[in-house]
Amino acid sequence: MKRVFIAGATGYLGRYLCAEYQRRGWYVIALVRKATTAAPIAADQLVEAQATDPASLKGAMAGAELVVSCLGITRQTDGLGYWDVDFQANLNLLREAENAGASRFAYIHVLRAADLGHVPMVAAKSAFVAELQQSTVAATIVAPTGYFSDMGDFLAMAQSGRVWLFGTGEKRINPIHGADLAVATADAVAAGLDWIDVGGPDVFTQKELAELAFACLQKPSRITFLPDVLRRLALCLLPWMTPRRINGPARFFLSALALDMVGTPHGTHHLKEHFQNTLTPIKTVSPLRRPTERKKS
């Protein structure tokens, strides 16, 4: 049985990656910080280690021919920053993958990273990608647009009664569901692709996203368009006016709003259904295998 080691397994995308590889018949090894407190995931084995501590990773990838990392931080906590996690922790994983003899390392990056190099989170990710591309291990880099979960900001604004947009609201995006991104990632790895830009099946302008949110709420659209100069001013002021845990995500969000974020369409999940399910939660139960636990000191 083929073995895959998945880092970031307990996050939004990581859970879908574990489930997708298990569905494909792989033996899934999931990296977790603490096995006793990790929520159930579709994994055959849990490895307890800290990606920021290279010593704790020693031997963790034994027998794995593939390593997939979606490891990264959205909000900087525990005193760790983007360069500690998005760059150095992933570099620690790569070095262990090289030592373990893994044949491929797949990494979840971000779409249009070259245009977002001034954003600290993206700069750290791009620096790791440069290291990965120089490695002896074959690389598959997956660059997605925004996730469905990221579009919740539009729904939240609509629920409050008004959506605020910068400029004309005509910049486009095709956000993708985590399950669809997991399938696209596994397909790209299986095909031996070096790089793939990935988006969901439906392309929206920002204005259309706002209108969809109001439609799902069955409310009339109330959209206010702000001059884009205010977005640029906010980017200048953020480092001085917000704590680091807010500043990082906000800089990425405000910078990405100025770009078309459209990747190659993949998947079958539609944002309208996601919004509707968010408003009317549906409880689903999926059987998960009980993984074995392996602690790393």
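This is a predicted model, so every value here is computed, not measured. Along the sequence shown, residues are numbered consecutively beginning with 1.
Distance alone, capped at 3.5 Å, places no donor-acceptor pair between the Glu131 side chain and the Phe128 backbone. Side-chain atoms of Glu96 never come within 3.5 Å of backbone atoms of Pro54 as a donor-acceptor pair (strictly under, hydrogens ignored). Remark: side-chain polar atoms of Asp180 are paired, donor with acceptor, to backbone N or O of Thr268 under 3.5 angstrom. No donor-acceptor distance shorter than 3.5 angstrom exists from the side chain of Asn92 to the backbone of Leu57, with no hydrogens or angles considered. With Asp150 contributing its side chain and Tyr147 its backbone, the two residues share a donor-acceptor pair below 3.5 Å. The closest donor-acceptor contact from the side chain of Gln206 to the backbone of Leu257 lies under 3.5 Å.
Between the OH atom in Tyr21 and the CD1 atom in Ile29 there is a gap of 13.0 Å [rounded to 0.5 Å]. Residue Asp84 holds its CG atom at 12.0 Å from CG of Asn90, rounded to the nearest 0.5 Å. Rounded to the nearest 0.5 Å, atoms OG (Ser221) and CD (Glu211) are 5.0 Å apart. With rounding to the nearest 0.5 Å, the separation of CG in Leu209 from CZ in Arg172 is 12.0 Å. Atom OG1 of residue Thr224 and atom CZ of residue Arg222 lie 8.0 Å apart, to the nearest 0.5 angstrom. Separating the CD atom in Gln88 from the CG atom in Leu80 is a distance of 11.5 Å, to the nearest 0.5 Å.
Put simply, Val203 and Leu181 are part of two different groups of oily side chains (I, L, V, M, F, W, Y) that touch within less than 4.5 Å, one to the next. Under the 4.5 Å side-chain heavy-atom criterion for ILVMFWY residues, a single connected hydrophobic cluster contains both Tyr27 and Leu31. Under a hydrophobic-cluster definition in which Ile, Leu, Val, Met, Phe, Trp and Tyr are linked whenever side-chain heavy atoms come within less than 4.5 Å, directly or via other members, Val163 and Phe275 are assigned to the same cluster. The hydrophobic cluster containing Val189 also contains Trp26, counting ILVMFWY residues as joined when their side-chain heavy atoms lie under 4.5 angstrom apart, directly or transitively. By the criterion of side-chain heavy atoms lying less than 4.5 angstrom apart, applied directly or through intervening Ile, Leu, Val, Met, Phe, Trp or Tyr residues, Leu235 is grouped together with Met121 in one hydrophobic cluster.
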Point to revise | CA sep, side-chain torsions, deciding dist, call: Ile141, Leu132, side chain to side chain contact (heavy atoms under 4.5 Å, CB included) | key: CA-CA 9 Å; Ile141 297 158; Leu132 177 56; 4.1 Å; yes

Exercise for review: Kindly indicate, with the supporting measurements, whether the criterion salt bridge (charged side-chain N to carboxylate O under 4.0 Å, His left out) is fulfilled by Glu20 and Arg15.
Suggested key: CA-CA 9 Å; Glu20 179 60 24; Arg15 293 177 178 279; over 6 Å; no

Exercise for review: Show the numbers, then the answer: is there a side chain to side chain contact (heavy atoms under 4.5 Å, CB included) between Val262 and Asp197?
Suggested key: CA-CA 8 Å; Val262 179; Asp197 291 340; over 6 Å; no

Practice item. Output, in order, the C-alpha distance, side-chain angles, deciding distance and verdict of salt bridge (charged side-chain N to carboxylate O under 4.0 Å, His left out) for Asp228 and Lys171. Key: CA-CA 12 Å; Asp228 191 63; Lys171 294 299 182 182; over 6 Å; no

Exercise for review: For side chain to side chain contact (heavy atoms under 4.5 Å, CB included), just list the numbers for Leu217 and Leu279, CA-CA rounded to whole Å, side-chain angles, deciding distance to a tenth of an Å, and then say yes or no.
Suggested key: CA-CA 8 Å; Leu217 289 164; Leu279 295 168; 3.6 Å; yes

Practice item. In sequence, state the C-alpha distance, the side-chain angles, and the governing distance for Asn174 and Asp202, and then conclude on side chain to side chain contact (heavy atoms under 4.5 Å, CB included). Key: CA-CA 5 Å; Asn174 58 332; Asp202 304 316; 5.9 Å; no

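For Arg231, the CZ atom is densely surrounded, since the number of other residues' heavy atoms within 6.0 Å is greater than 12. Heavy-atom contacts from other residues, nucleotides or ligands closer than 6.0 Å to NZ of Lys272 number 12 or fewer.
Residues Val198 and Ile176 are in side-chain contact: their nearest non-hydrogen atoms beyond the backbone lie under 4.5 Å apart. Val28 has its side chain out of reach of Gln45: every pair of non-hydrogen atoms, C-beta onward, lies at least 4.5 Å apart. Counting heavy atoms from C-beta outward, Ile196 and Thr264 have side chains that stay 4.5 Å or more apart. For the pair Val85/Leu71, a side-chain contact is recorded, criterion being any heavy-atom separation below 4.5 Å from C-beta on. Counting heavy atoms from C-beta outward, Pro175 and Phe204 have side chains that approach closer than 4.5 Å. Residues Leu17 and Val4 are not in side-chain contact: their nearest non-hydrogen atoms beyond the backbone lie 4.5 Å or more apart. Between Phe5 and Leu66 the shortest side-chain heavy-atom distance does not fall below 4.5 Å. Side-chain contact between Leu46 and Ile41 is present, with at least one heavy-atom pair separated by less than 4.5 Å.
Here the closest heavy-atom approach between residue Cys70 and residue Leu13 is recorded as CB-CD2, 4.0 Å. Of all non-hydrogen atoms in Ala113 and Ser126, the two that sit nearest each other are CB-OG, 3.7 Å. Minimum heavy-atom separation, Ala143 to Trp195: CB-NE1, 3.9 Å. Across all non-hydrogen atoms, the minimal contact from Thr145 to Gly263 is CG2-N, 3.5 Å. Across all their heavy atoms, Met61 and Leu93 have their closest contact at CE-O, 3.3 Å. What you find for Cys18 and Ala42 is that their closest heavy atoms are CB-O, 3.3 Å.
Aromatic ring centroids of Phe87 and Tyr82 lie 6.0 Å or more apart.
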For a quick test of your reading: what N or O donor-acceptor pairs under 3.5 Å do the side chains of residues 101-111 make, sequence neighbours left out?
unit_1, atom_1, unit_2, atom_2, d
Ser103, OG, Glu65, O, 2.8
Arg104, NH1, Ala139, O, 3.1
Arg104, NH1, Thr140, OG1, 2.9

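Counting only N and O atoms by type, the side chains of Glu98 and Ser135 include a donor and acceptor under 3.5 Å apart.
Scanning for side chain to side chain contact (heavy atoms under 4.5 Å, CB included) contacts around Leu259 gives Arg112, Asp115, Leu116, Met261, with sequence neighbours left out. By the ring-ring contact (aromatic ring centres under 6.0 Å, His included) test, His177 pairs with Tyr16, Phe148, His269, sequence neighbours left out.
Look at Lys58 and Asp53 and you find no salt bridge, because none of the NZ, NE, NH1 or NH2 atoms lies under 4.0 Å from a carboxylate O.
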